[in-house]
Amino acid sequence: MILEHIDSPADLRTLTPDELAVLSQEIREFIVDAVTHTGGHLGSNLGVVELTLALHRTFDSPRDLLLWDTGHQAYVHKLVTGRRDQFTHLRQEDGLSGYPSRTESEHDWIENSHASAVLSYAHGMATALELQGSERRVVAVVGDGALTGGMAYEALNNLGHSGKRVVIVLNDNGRSYAPTVSQLSLSLTHLRLSPAYVQARQRLRTLLRELPGVGELAYSGIHGLTSALREVVTPHTFFEALGIRYVGPIDGHDIGGLEQALANAAEWPGPIVVHVLTQKGRGYAPAEQDDVQRLHDVKVTASVPDPPALDGPDAPPAAPVLQNASLSVGGAEIAEDLPLTTYTHAFTRALLIHAEADPRIVAITAAMPGPTGLLPFEARFPERFVDVGIAEQHAVTAAAGMAMAGLRPVVAVYSTFFSRAFDQANLDVGLHKVPVVLVLDRAGITGDDGPSHHGVLDMALCLSIPGMTVFAPSSAPEVEAMLATALTLDGPSVIRFPKTPAPVVVPGAEGSGLNARRVREGDGSVCILAVGKMLGPAEAAARRLSDEGIDVTVWDPRVVSRPDPAMLADAAGHALVVTVEDGVRQGGAGMYLADALRLSVPLGTCPPVVTKGVPRSFLAQGRPDRILARLGLDEDGIVRTVRESLAGLQHPSELRSPVGSELPRSGETPA
Ligand SMILES: Cc1ncc(C[n+]2csc(CCOP(=O)(O)OP(=O)(O)O)c2C)c(N)n1
């Protein structure tokens, strides 16, 4: 096996073309095998095998700086830079990161894994190297999907203007998650098939034929002419107008051809794009046959948390939750057979129902229609579905425009990527008070993808936007009830929920409108305000504490931005209030609610409030339930906090050392 002998990029440089072909095959088998066990980004990595080998044979990493946009396609790079043995623990706690990681290797430079940023890093590095008089090369690999993100254009424009020496490898597989939604991408890869080109070509043919005398002659020269036409509208023109040299397209699976193009590009004294065509999922039939995503990423069932148990003493009745009033909006039958096991499914289903009844509803995704649950909406209402590409900022501002012009836009993005669009949410949506509904999926601790993908900032960000109504559903029916309310509001709103399975609750037990919900009435000692999915562990903790004689009140605040006066009045009557959330503690929901509580009662009469949440630190990958348990954000942790806090109240001196996750942990910057 050749792969067994590849411990560094230098080992690649002695291989013959035949050996490289064998190695490529071995790498594909290795990656399929590894990802089958751990989950991860499959299709993207299978597509860049030859490209990665060619890059490492042409450039001298880490002397030359090899940068990967997003970084989800860096498995091959990891394999050939000495990390083969760690793939058994890919994306596991304390294992190999699913993205480049500076602690893992000197060959890794950037690890933010939010798309479209690499060209800006490359500009910065090239600027520094030039100032230092260094001959080290900067090579940035960017996908056609990532090129739909606005940051990429800012960097291209600046690179072209400044003339910085960067080799930009445009890895064009025509896909983002789903097929890339981009006019540039169409021009890049599908020019000959694109309607505009075909029409222009057809018009040219007709025109030439009709020219008296020379028509037939000119018609036979159509190839030359259409080539010229192609030059007018191709990427050549696009990039060169920005001041960037363009070469390509190059077959991304021909190592020899790639090396030649890359070596030539390395000699170019300014920015240069090497346009490489690759096939996402190449060499693995299930990926090649996956028409939409080409198995962009795969999950492993074993690492997915189990859905909530539906039997046992505490089990809710297995009644069909969705037959409640909030769903009896017209057209319910269209969504009846969608499974309701996650918050995302609940959102999909509710959105379909409302969209059926209200033609003003449009759905917007930033290149992730599948993971955000919008594919059924796209299938049902293609004309009301908008994929803007990896362009969260544009998604939010475009939604503001749609709302201004009378539509009811629903923007579905991951919580972590929403951070990109904060300014847009604040000013374009918030300041203009337009009724945009932001649906933030994968909120809280997400797990496998590590620090860049935890959605822990959304609460803190959204609660700071004036007029933004912030909903935190604690169950699937709550998603539906909240979407129903959000769609009636005059101003903007956010519904944020996690990836983990959504609890099933007794029909009718969900809240309504902007009210909070008391789910358990205690004896006045302790009141827990449990935000979103933390309601489950809080209720479980309350049941356990009641066995110890501590009868806890539990509230589901539901609408965090507008704390229900009834909830505040009730909480104020307790000896201790505990807030629990799965987002960042500093500036998060707990502090917001605690502040509201303080302001709702006369000075000096507010009960002590303990706020539990995620510390201000970058948390590595791991199973969400284990990360939450480590942070004390589970049933055990809540029980501990209540016990210790009550003890502290009885012995105030102990309160000097705060309890639970209030203590800054290692790596956490104290507030
Ligand atoms: C700002 C941001 N939004 C969304 C994502 C989720 N995401 C990860 S990879 C990807 C597609 C990237 O497509 P492309 O750059 O063409 O790379 P490919 O996987 O096709 O090689 C998306 C949308 C992200 N990482 N960052």
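Each ligand, and each atom within it, is numbered from 1 in the order the structure gives. No experiment lies behind these values; they were computed from the predicted model shown.
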Just heavy atoms, cut-off under 4.0 Å: does [X] contact ligand 1 by side chain, backbone, both, or neither?
| X | value |
| --- | --- |
| Ile390 | side chain |
| Glu392 | side chain |
| Ser116 | neither |

From [X] [atom1] over to [Y] [atom2], what is the distance, rounded to the nearest 0.5 angstrom?
| X | Y | atom1 | atom2 | result |
| --- | --- | --- | --- | --- |
| Ile255 | Gln260 | CD1 | CD | 14.0 Å |
| Arg83 | Ser105 | CZ | OG | 4.0 Å |
| Ile168 | Arg245 | CD1 | CZ | 13.5 Å |
| Ile31 | Tyr284 | CD1 | OH | 12.5 Å |

*Give yes if a backbone or side-chain nitrogen or oxygen of Ala367 is under 3.5 Å from a nitrogen or oxygen of ligand 1, and no if not.*
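Not met; the criterion fails.
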
*asked:* Under 3.5 Å between any N/O of Ser113 and any N/O of ligand 1: does that happen in this structure?
replied: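 It does: an N or O of Ser113 is found under 3.5 Å from an N or O of ligand 1.
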
Ligand-residue contact atoms, ligand 1 with [X], heavy atoms, under 4.0 Å:
| X | value |
| --- | --- |
| His72 | 9 (S), 17 (O), 18 (P), 19 (O), 21 (O) |
| Arg420 | 1 (C) |
| Lys280 | 18 (P), 19 (O), 20 (O) |
| Asn173 | 18 (P), 20 (O), 21 (O) |
| His114 | 26 (N) |
| Gly145 | 13 (O), 14 (P), 15 (O), 16 (O) |

Identify the closest protein heavy atom to [atom]: which residue and atom is it, and at what distance?
| atom | result |
| --- | --- |
| atom 7 (N) of ligand 1 | Tyr177 CE1, 3.5 Å |
| atom 26 (N) of ligand 1 | Ala115 N, 2.9 Å |
| atom 13 (O) of ligand 1 | Ser176 CA, 3.4 Å |
| atom 15 (O) of ligand 1 | Ala146 N, 2.9 Å |

Run the contact test for [X] against ligand 1 with a 4.0 Å cut-off on heavy atoms, strictly below, and give the result.
| X | result |
| --- | --- |
| Gln73 | no |
| Ala366 | no |
| Thr180 | no |

*asked:* On a heavy-atom basis, I'd like to know which of Phe417, Tyr99, Trp68 is closest to atom 5 (C) of ligand 1.
replied: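 Among Phe417, Tyr99, Trp68, the closest heavy atom to atom 5 (C) of ligand 1 comes from Phe417.
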
*Candidate with minimal heavy-atom separation from atom 20 (O) of ligand 1, of His453, Gln393, Met368, Arg175*: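 Shortest heavy-atom distance from atom 20 (O) of ligand 1: Arg175.
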
*Just by modelled atom types, is the Ala443 backbone N or O under 3.5 Å from a matching donor or acceptor in the Ser415 side chain?*
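Here the side-chain-to-backbone pair does not exist.
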
*Counting N and O atoms only, with roles assigned by atom type, does the side chain of Asn426 sit under 3.5 Å from a partner on the main chain of Ile465, one being a donor and the other an acceptor?*
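A pair under 3.5 Å: no.
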
_Ignoring hydrogens and geometry beyond distance, is a side-chain donor-acceptor pair present between Asn171 and Thr278 at under 3.5 Å?_
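Checked: Asn171/Thr278 side chains pair up, N/O donor to acceptor below 3.5 Å.
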
_Closest non-hydrogen atom pair between Ile364 and Pro409, with its separation_ =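 Closest approach of Ile364 to Pro409, heavy atoms only: CD1-CB, 4.1 Å.
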
*Is it possible for you to check whether Arg384 lies under 6.0 Å from the centre of the six-membered ring of Phe381, through NZ or CZ, and within 45° of that ring's axis?*
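Yes, a cation-pi geometry holds between Arg384 and Phe381.
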
_Name of the residue among Val138, Leu159, Leu156 meeting side chain to side chain contact (heavy atoms under 4.5 Å, CB included) with His123_ =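 The side chain to side chain contact (heavy atoms under 4.5 Å, CB included) with His123 is passed solely by Leu159 among Val138, Leu159, Leu156.
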
*Is the ring centre of Phe417 less than 6.0 Å from the ring centre of His453?*
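Yes, the ring centres sit under 6.0 Å apart.
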
*Pairwise side-chain contact, Arg626 with Glu93, heavy-atom cut-off 4.5 Å (strictly under)*: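 SC-SC contact between Arg626 and Glu93 confirmed.
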
